[in-house]
Amino acid sequence: MDVMDRKLLRVLQVDGRITNQALAEQCGLSPAACFDRVKRLRASGVIKGYAALIDPKKAGLALMVFIEVLLDRTTDDVFAAFADHVARLPEVLECHMVAGGFDYLLKVRVSDMDAYRLFLGGTLVALPGIRETRTYAVLEEVKTTTALPI
C-alpha cells in the first residue's frame, strides 16, 4: 500500500457509499485510476466489504456488555469448541482470545438487562468448558469507531 491507497481508504472508511467520481476528486486521481486502485484493494483483501452502520439503540439493542470468560481448561480442543459455539451467537459482536487473567473477552449487544440475564444464564454459561464469567455493563460509550488509524 502506498500513500494514495491510504488516502483512498481514509475516505472510504468515512463514506463507503461515495461515488467513484467523488472519491477520485477528493484524492486527486482520475476516475479510471481511482477505480483500478479500489478494485485492487478489494481483490487483495485490504477492503473486506461494505456495511451499513446501524444505531444499536434504534435497533432495540441499547445494552452493551463486555464479558470476561475463563475456561475450565486451556487446551486446543476446549478453545476450538468454545470458539465454534460463540461464533454462532448473534448477540456476540466480537470475541477475542486474550492473554492475562482470563481466556476470552466478548462484546455483546442485547436490548436490556433482562435480556442479558437470559443470554448469560440460558446461553453463554451453558456452553461447554466455561468455568467463570465476569460482566461489565457499559454505562456510556465515550468513543465508538470502525475507522482504522491509517
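Bear in mind the structure is a predicted one, so any value in this text is a computation, not a measurement.
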Report task. Could you state whether Phe102 and Val138 fall into the same hydrophobic cluster, counting links through intermediate Ile, Leu, Val, Met, Phe, Trp or Tyr residues with side-chain heavy atoms under 4.5 angstrom apart? Result -> yes
**Report entry** Partner set under side-chain contact (heavy atoms from CB on, under 4.5 Å) for Arg6, not counting sequence neighbours
**Finding:** Met1, Arg10, Ile150
Report task. Give the cluster check for Val38 versus Met4: same hydrophobic cluster or not, with ILVMFWY residues linked at side-chain heavy-atom distances below 4.5 Å. Result -> yes
Query raised in the report: Nearest 0.5 Å, what's the CD1-SG distance between Ile18 and Cys27?
Result: 7.5 Å
Requested in this report: Report yes or no: does Ser44 contribute a side-chain atom to a donor-acceptor pair with the main-chain N or O of Leu41 at less than 3.5 Å?
Outcome: yes
Requested in this report: Kindly determine whether Thr146 and Gln13 satisfy side-chain contact (heavy atoms from CB on, under 4.5 Å), including the steps that lead there.
Outcome: CA-CA 8 Å; Thr146 61; Gln13 284 186 114; over 6 Å; no
Query raised in the report: Which heavy-atom pair separates Asp2 from Asp5 by the least distance, and what is that distance?
Result: OD1-N, 2.8 Å
Report summary line: Heavy-atom nearest pair, Asp55 first then Lys57, reads OD1-N, 2.9 Å
Query raised in the report: Of all heavy-atom pairs between Pro31 and Gln21, which one has the smallest distance, and what is that distance?
Result: CG-OE1, 3.4 Å
Query - Side chain to side chain, Tyr50 and Arg17, heavy atoms closer than 4.5 Å - result: no
Query raised in the report: In terms of side-chain heavy atoms, does Tyr116 have a donor or acceptor partner in Glu91 at a distance below 3.5 Å?
Result: no
Query - Hydrophobic cluster identity match, Ile47 and Val11, side-chain contacts under 4.5 Å - result: yes
Report summary line: Rounded to the nearest 0.5 angstrom, the CG-CG distance for Leu63 and Asp112 is 7.5 Å
**Report entry** CG on Leu89 to CG on Leu127, rounded to 0.5 Å
**Finding:** 6.0 Å
Query raised in the report: Counting heavy atoms not belonging to Asp77, are there more than 12 under 6.0 Å from its CG?
Result: yes
Report task. Determine whether Tyr136 and Val125 fall in the same hydrophobic cluster, where Ile, Leu, Val, Met, Phe, Trp and Tyr are linked whenever their side-chain heavy atoms lie under 4.5 Å apart. Result -> no
Query - Atom pair CG (Leu105) and CD (Glu68), whose distance is rounded to the nearest 0.5 Å - result: 7.0 Å
Requested in this report: Return yes when atom CZ of Arg88 has more than 12 non-hydrogen atoms of other residues, nucleotides or ligands closer than 6.0 Å, and no otherwise.
Outcome: yes
Requested in this report: I would like to know whether Arg117 and Asp114 meet salt bridge (Lys or Arg N to Asp or Glu O under 4.0 Å); could you show each step before the answer?
Outcome: CA-CA 5 Å; Arg117 192 174 62 245; Asp114 288 338; 3.3 Å; yes
Query raised in the report: At their closest point, which heavy atom of Gly129 faces which heavy atom of Val78, and how far apart are they?
Result: CA-CG1, 4.3 Å
Requested in this report: For the pair Phe119 and Val92, evaluate side-chain contact (heavy atoms from CB on, under 4.5 Å) and give the outcome as yes or no after the intermediate values.
Outcome: CA-CA 10 Å; Phe119 169 77; Val92 177; 3.9 Å; yes
Requested in this report: Take Arg131 and Asp103 through the salt bridge (Lys or Arg N to Asp or Glu O under 4.0 Å) test and state the conclusion after the steps.
Outcome: CA-CA 10 Å; Arg131 182 170 84 190; Asp103 300 307; over 6 Å; no
Query raised in the report: Under a single-linkage definition using a 4.5 Å side-chain heavy-atom cutoff for Ile, Leu, Val, Met, Phe, Trp and Tyr, are Leu93 and Val65 assigned to the same hydrophobic cluster?
Result: no
Query raised in the report: How are the rings of Phe82 and Tyr104 set to each other: parallel, tilted or perpendicular (split at 30° and 60°)?
Result: tilted
Query raised in the report: Taking it one step at a time, do Val69 and Val86 satisfy side-chain contact (heavy atoms from CB on, under 4.5 Å)?
Result: CA-CA 11 Å; Val69 176; Val86 167; over 6 Å; no
Query raised in the report: Measuring from Leu29:CG to Leu23:CG, what's the distance to the nearest 0.5 Å?
Result: 7.5 Å
Query raised in the report: At their closest point, which heavy atom of Leu61 faces which heavy atom of Arg109, and how far apart are they?
Result: O-NH1, 3.0 Å
Requested in this report: State the CE-OG1 distance between Met64 and Thr144, to the nearest 0.5 angstrom.
Outcome: 5.5 Å
Query raised in the report: Just wondering, more than 12 heavy atoms not from Phe35 lying within 6.0 Å of its CZ?
Result: no
Query - Closest non-hydrogen atom pair between Leu70 and Gly101, with its separation - result: CD1-O, 3.9 Å
